[in-house]
Amino acid sequence: METVTLVRVLGTVICFTGMALCWYMRRTRFNALSSEKEVSVANVRLTQSAFWKLLAFVGIVLVPLAAIGLANYHTLEGTHKVSACASCHIMRPMVNDMQKAASNTLAARHFKNHWIPQNQCYECHSDYGLNGNLQAKMEGYRHLARYTTRTYQEPIKIRGHFNNENCLKCHQGMPLFEAVKSHQSVRVLLDQSSMSCLNCHGQAHPSRAQRTPGSADYTKLMEAVR
Amino acid sequence: MDTIDEKSQSGISRRDMLRILGGVAAANGLGAAMWGALELMVPAATAETWHKSVCRYCGTGCGVLIGMRDGRVTDIRGDELAHNKGVICIKGSMLRELPYVKGRLTQPKIRRNGHLVEATWDEAMDLVAQKFKEAIAASGPDAVAFYGSGQLFSEESYTANKLFKAGMRTNNVDANARLCMASAAGGYTQVYGKDEPPGSYEDIDHADCIFLIGANPFECHPPLFERVQQRRRASKTCQLIVVDPRRTRTAELADMHLAPVPGTDLLLLNAMAQVICEDGLLDTAFIEKHVRFSDGQNTVDLAAFKAFLEQYKPEAVAAELGMAAPQIREVAFLFARSQATMSLWTMGINQRTQGVFLNNMLNALHLITGHIGRPGATPFSFTGQTNACGGVRDTGSLSHLLPAGHLVANEQHRREVEQLWGVPPGTISEKPGLDAVNLFRAMEDGRVQAALVMCTNPAQSLPAADRYRAGMEKCFLAVADIFEDSETARLADVVLPAALWIEKEGCTGQGERRYQLTEKLLDPPGQARSDLHILVDLADRLGHGALIKARTPPDVWDEWRHFSASSLYNFQGMTYERLKQARGLQWPCPDEHHPGTVRRYVEGDDPFVTTGSGIEFYGQPDKKAVVFLRPYVPSPERTSEAFPFYLTTGRVLEQWHTSTMTGRIAELAQASGDAEIEINAHDAWKLKVATGDTVEITSRYGALQGKARVTSSPREGVVFTTFHDAKLLINRVVSDHVDPVSKEPEYKVTAVSLRKVVV
């Protein structure tokens, strides 16, 4: 079973357990609980009062914490996936184009030639290291906020600039890359991302003109790839 | 608990309720604050503002976005909305450095006692005007000349052309475009009656067979080669055939590479036509409707064309071509039978003594097979300079032309142009002026005594350069340039500091009839002025101020735009306002609502085609394109015992033309390195030359020494050198034979000898 599915199942179970506990405890009057009567759970014997307090602690503190933890874990893990990006319709032109065999944008070529085997969006759009991960997640949160509040405009445009490091982390040091003399002479500019790799190597995704709703290509780009 | 009393019926007190609401609000506030913070955390950008513009260098005419911060250019990106779809090359990427290169000329200078001495604009321009007046007074208007450039803005070339032809009354107006595009222009004009290619770059996206001859777009037009590669990625059946004596970077990636002996490839084109006729690969319906055959004098029929081609059977020409007959047959079949064939060529075809004939024949191959006027099917000549097409060919800034396809030699044309310019009939001289090579020869023998050279470097770019350098020293030469140490400025009597690229405003027209506007974003350094400003000033000083009424780029553009409406080069609909918004527009574009023309001569696209005709070659009186019977004539530069090698020249990815601009950008200079003499490994073995040895290369025109590089690239018997490097000024050695029609020199074929120099 995949981790994500396991997390989902666990999350659902915990959620229902929490709800059941809350509903059960609502009917309980803690003042009236006896500190003498004993309740036996499996091979442990507790006083009635202790039992209910413990149950309340689990219901109010542990279960929500576990739920929050799992939900976040699910979100953080799940957003690596291409499908997570594709779940917002504004990203569909990019994702559909990438997955289309006939397309030859850089994204599509990396996808169809298996140059990046999985999590293709995330691989190119998260910078190196923990900091890069956090930044990508924060950007994802910003996207979510924009998307749910409908405060965006199509065609979308990348903020700031794309970090060349995401190209260089794979290509640098490779024989084909190193054989190009101009790569050597502009290395500093490439490292600083002050010169874009895309200048010479073409479109990463469909152009903004193609991604504008109403354009001839937009409808095609929104059709999911079978 | 006391709160129990305050409980409402639901069991929650008001205070609790407020607490809960407060908590919810705080949580929401926290979320919103996080979002707000993230919105403010914009990743560092390379620029504050972005401006659409056009690359300064080659004829691809790539759209670029110029990123600026604090009034400086800080970044350059390919413009994804332009025809190049965001792709530019390393030279374009380094444009950010161009306005700031060291050594810019910032003040006019006059040569006194052999040294350039600083002067005021008035002193310099007075001297230029005085010398022009003296020359005209002494020997008539043909004693002065203008030598322009395919890099001037259209407004500038148009004004210079008008000033010299209608003001000073000499047709001695020529340009460096003579050295690169004249054969293509001649070829198109003879075939279709009108200059400029019928197709567009977009045709690459639909071609099924790409026949690339005499071109190396991997290095010379990288964004266009990337487009070719994109087409091949998209269509596995698309074939790339490359014909080049060298195994260029382009040829390395081809499906088929044919390496002819330099100077023989008209044999290949004629042999392909022969195979097409013999194997019944002709499109007879298309020929019937749209094609006329001609032997250059008279109309002939298809049978005569077939009979003419009999002597070019592949088996008969293969040995001289240096190819195998089956290869020729295969190429002819692929060319004719593909779904859509696109031919692409540049200087390997144009810079030839048979340049026009080669151009005729390339167009002919498309006409006899019907590979024209459909997406992907077109004969297309790439161009070398930003504005060779729009600025020189269209404005008619060549010695035999007048604007918009009018000819000096045609009286009716002269009258029309005189009327449009508002000058009396007879103003324009009936005598065509001197073409580039003859212009510089005339400086040598004193027929031309004063000349203005703008935006070009003939001292390095002319063939047999030593001869013409001597002529330039003799003539009074005013040079408008951005540097005072270019090879040409070193020979100047007056140097005028010129504004560069985005330091001025104007339009350029690239290879596919697309006009684009470059807007002014920077002030020129020091006292530098735009070339238009210099021309207007000269007009005033020579007493032609009244003729040059339009004095600003928008005014000149409007005059030229309205002028074009009288012709089939009509682009009246391209106002500055439209060009400020659009990523260029392709002419014909007769009115402001016309979207421009992607495919010329095609109904539904070209506004001049008669409804119902489908395809119509309206430039010809009978509306039929002409297929010429063009015999192969060997180059005058055939190898001999004394000169056993062919020298051919070309470019390198990181440098542009004579490298006056790109050579000063460290990243580009470092990547390209200095020019070397490339020798085939087998030849090198026979000459006992190794990479790094010094070799002397000698032709009938001169000799020079340089470092050898042994490679498998040029075929045996061929030597190659790039022409960007003034330290190895290879044009000193290159032949200056010209095409009899286009007058374009044959840079690509020079017989040379090689000798190892023992240092």
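Below, read A as the first sequence line, B as the second, and so on, with proteins coming before strands; counting in each chain starts at 1.
- Annotation for Y152(A): atom OH counts as buried by contact number, over 12 foreign heavy atoms lying within 6.0 Å.
- Counting only distance, with no hydrogens or angles, the side chain of N199(A) and the backbone of G92(B) share no donor-acceptor pair below 3.5 Å.
- Note that CD1 of I88(B) is 11.5 Å distant from NE2 of H201(A), once rounded to the nearest 0.5 Å.
- For S193(A), the part sitting under 4.5 Å from any heavy atom of chain B is the backbone (N, CA, C, O) and nothing else.
- Using a 4.5 Å cut-off between heavy atoms, R146(A) contacts chain B through both its backbone and its side chain.
- Taking the side chain as every heavy atom from C-beta outward, M94(B) and M195(A) approach each other to under 4.5 Å.
- Applying the 6.0 Å contact sphere to CD of Q135(A) captures more than 12 heavy atoms from other residues, nucleotides or ligands.
- No part of S235(B) comes within reach of chain A, as not one of its non-hydrogen atoms sits under 4.5 angstrom from that chain.
- Counting all heavy atoms, side chain and backbone alike, Y141(A) lies closest to G31(B) at OH-O, 3.3 Å.
- Taking 4.5 Å as the limit, every side-chain heavy atom of E39(B) sits out of range of all side-chain heavy atoms of T151(A).
- The closest donor-acceptor contact from the side chain of Q203(A) to the backbone of E80(B) lies at 3.5 Å or more, if one exists at all.
- Pairing each heavy atom of S182(A) with each of E654(B), the nearest pair is OG-OE2, 3.5 Å.
- In this structure, I90(B) CD1 and H183(A) NE2 are separated by 7.5 Å, a value rounded to the nearest 0.5 Å.
- The distance from atom CG of L668(B) to atom NZ of K181(A), rounded to the nearest 0.5 Å, is 12.0 Å.
- Of all heavy-atom pairs spanning G202(A) and V87(B), the tightest one is CA-CG2, 3.5 Å.
- In this structure the side chain of C200(A) reaches within 4.5 angstrom of the side chain of S93(B), judged on heavy atoms.
- When the candidates E226(B), R77(B), Q670(B) are compared by the number of heavy-atom contacts under 4.5 Å with chain A, R77(B) comes out ahead.
- Proximity of S194(A) to R96(B): side-chain heavy atoms (C-beta onward) are separated by under 4.5 Å at one or more points.
- A donor-acceptor pair under 3.5 Å is formed between the side chain of Q230(B) and the backbone N or O of N104(A).
- For L189(A), the part lying near chain B is the side chain, with the backbone staying farther off; criterion is any non-hydrogen pair under 4.5 Å.
- Between R159(A) and L38(B), the closest heavy-atom pair is NH2-O, 3.0 Å.
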